[in-house]
Every structure is written in C-alpha cells, then in structure tokens.
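Read the structure below first, then the notes.
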Amino acid sequence: MCPAGKDFRYNLDAYCTLRPHSPYSKTISRYSALEKRSMAMTFNIGAQQDVSFILLVSSEQSKECPLDREGLGRATWSFLHTMAAYFPEKPSFDQQKDMKNFIGLFSKFYPCKECAEDFREDISKNPPSTSSRNELCQWLCKMHNNVNKKLGKPLFDCTSVDERWLHGWKDGSCD
C-alpha cells in the first residue's frame, strides 16, 4: 500500500484495482483503454483520493477555471457527506435545528438554480432527519441517490456511508 501524503502516478485501471469498493469504480470502468491511458495523472493519496481523482478525470478544464455543473455537484456532495459523517451521534436540539436550517439555506443559495429548486422540492417532501449522525447520513445518502437516479448514474450502497465518508474502506486503501 502506498503511504498517505505522497504523490504517485496512477492510471484508471490501477485506481479501479486499488479501490474496488468505490462507487466510482464502475463509472471509471466505462472509459476505453486509450482514454484511461490518456487520463493518467498525479494526485495526492489521502482521505479524499477518489473524490479528487474523479473530479480531475471528469473535467478537462484547468484547475483555475470555475467548476462546471458536474464538478460542482461532486464537490458539493463530498462536502455534505463529510459534514454529515462528523455530525454528533447525539446532537442537541440546537444542533438538530441548525443542521435543518443549514440544509434549507443551502438549498436557497446553491449556485445551480435548477439543482437548487429540485433539491428544495425533494426536501419539502422528505425533510432532513437530524436526530442522530446515522439518521442524517442515511437521509443524505437517500437524497443523493434520488439525484443519481434522476441523472441515470449508479446508486450508492447506503450501508457503506461510514466506510466511505468516515472510517475509510475496509481494504485499507485509505490508510
């Protein structure tokens, strides 16, 4: 296993082998061998390796350019899932209320107008569950899967949220 914090060159085949349980492996495997070779790149191994990697793969823009809709969505979901993973196990009444308010405000100011409207509609039908860290993580995973389904993307196994966003994969690839 490669030590964390070092830069290494990987191609997409190596990534799919290294991270077989990643929800992105199936998406990456759709690229042809030529595309995979042409997308080999250097990235930092760490807790967010597949998020950083998939963002780089999905965007042909310079990293100084504003995020496109797809890049913004990936970065946003990464932030939201990580925030939920570190939400208190037993949140106070104020913490629960603050998280619900955050999600509501977030849905009003999200830079993609169509996405924001869609998210507001979804949360009006299924309000955030903030009674515990696990409840919030599961609610958010279901919301993310609703979006994935609408976009024709693969669904994430919500039983793996802690492994993906908090502890790291059981195969040790995040160590």
Side-chain angles (χ1 to χ4, degrees), residues 15 19 21-28 30 39 41 43-44 46-169 174:
Y15 175 81
R19 303 289 296 212
H21 303 295
S22 170
Y24 304 114
S25 292
K26 290 178 183 172
T27 302
I28 292 169
R30 292 183 195 149
M39 289 190 262
M41 61 193 71
F43 66 103
N44 187 269
Q48 299 298 319
Q49 77 182 36
D50 47 277
V51 174
S52 301
F53 191 71
I54 198 72
L55 281 175
L56 290 170
V57 168
S58 70
S59 177
E60 295 178 10
Q61 299 173 340
S62 166
K63 57 183 163 181
E64 288 84 27
C65 294
L67 292 172
D68 61 10
R69 182 176 171 158
E70 195 171 319
L72 177 64
R74 285 192 181 104
T76 300
W77 285 116
S78 295
F79 167 71
L80 292 173
H81 284 295
T82 302
M83 186 171 59
Y86 288 90
F87 192 64
E89 295 285 347
K90 296 179 181 179
S92 68
F93 174 79
D94 285 342
Q95 289 170 321
Q96 292 179 55
K97 183 180 70 163
D98 289 346
M99 181 56 76
K100 287 177 184 176
N101 288 339
F102 170 81
I103 292 168
L105 289 170
F106 173 84
S107 74
K108 291 180 181 180
F109 292 100
Y110 191 69
C112 169
K113 184 179 179 182
E114 180 182 296
C115 307
E117 289 170 356
D118 194 46
F119 192 61
R120 280 195 302 276
E121 185 178 319
D122 287 348
I123 63 177
S124 72
K125 295 175 188 172
N126 185 10
S129 181
T130 60
S131 61
S132 70
R133 184 191 66 77
N134 185 60
E135 287 289 320
L136 180 60
C137 288
Q138 291 301 308
W139 174 84
L140 190 61
C141 186
K142 289 174 186 166
M143 296 299 283
H144 191 172
N145 276 339
N146 287 343
V147 172
N148 286 342
K149 187 175 181 180
K150 291 174 190 176
L151 297 175
K153 293 184 176 184
L155 302 184
F156 184 80
D157 176 5
C158 291
T159 63
S160 299
V161 292
D162 284 353
E163 190 176 357
R164 169 63 185 92
W165 299 103
L166 186 63
H167 305 301
W169 298 109
C174 296

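When reading the values below, keep in mind they use all heavy atoms of this one structure, side chains included, and skip hydrogens, waters and symmetry mates. Along the sequence shown, residues carry numbers from 1.
Shown here for P91 and S131, the closest heavy-atom pair between the two residues is CD-O, 3.4 Å. Nearest heavy atoms, G168 versus C174: CA-SG, 3.9 Å. Taking all atoms of both residues into account, the shortest heavy-atom contact from K90 to Q95 is O-OE1, 4.4 Å. Between S107 and A116 the shortest heavy-atom distance is O-CB, 3.2 Å.
Separating the CG atom in D98 from the CD1 atom in I103 is a distance of 11.0 Å, to the nearest 0.5 Å. The CD atom of Q96 lies 10.0 Å from the CD atom of E135; values are rounded to the nearest 0.5 Å. Going from atom SG of C112 over to atom CD of E70 covers 12.0 Å, rounded to the nearest 0.5 Å. In this structure, L166 CG and H81 NE2 are separated by 13.5 Å, a value rounded to the nearest 0.5 Å.
The aromatic rings of W77 and H144 lie parallel to each other, their planes meeting at an angle below 30°, with 60° marking the opposite boundary.
Other residues, nucleotides and ligands contribute at most 12 non-hydrogen atoms within 6.0 Å of the NZ atom of K113.
Using a 4.5 Å heavy-atom threshold, the side chains of K149 and N145 count as separate. With contacts defined as side-chain heavy-atom distances shorter than 4.5 Å, the pair C115/R69 qualifies. Two residues are said to be in side-chain contact when any heavy atoms from C-beta on lie closer than 4.5 Å; L140 and M83 fail this criterion.
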- Message: Please evaluate residues W139 and I123 with respect to the criterion side-chain contact (heavy atoms from CB on, under 4.5 Å), reporting the C-alpha separation (whole Å), side-chain torsions for both, the decisive distance (0.1 Å), and the verdict.
- Response: CA-CA 10 Å; W139 174 84; I123 63 177; 3.5 Å; yes
- T76/L67 under side-chain contact (heavy atoms from CB on, under 4.5 Å): CA gap, chis, key distance, verdict: CA-CA 11 Å; T76 300; L67 292 172; over 6 Å; no
- Message: Show, in sequence, the C-alpha distance, side-chain angles and deciding distance for S78 and W165, and conclude whether the side-chain contact (heavy atoms from CB on, under 4.5 Å) test is met.
- Response: CA-CA 8 Å; S78 295; W165 299 103; 4.0 Å; yes
- Going through the distances and angles, do F102 and L80 end up as a side-chain contact (heavy atoms from CB on, under 4.5 Å)? CA-CA 11 Å; F102 170 81; L80 292 173; 4.0 Å; yes
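For the residue pair N134 and S132, no side-chain donor N or O sits within less than 3.5 Å of a side-chain acceptor on the partner.
Ionic pairing of D122 and K142 is not present here: no N-O contact between side-chain nitrogen and carboxylate oxygen is shorter than 4.0 angstrom.
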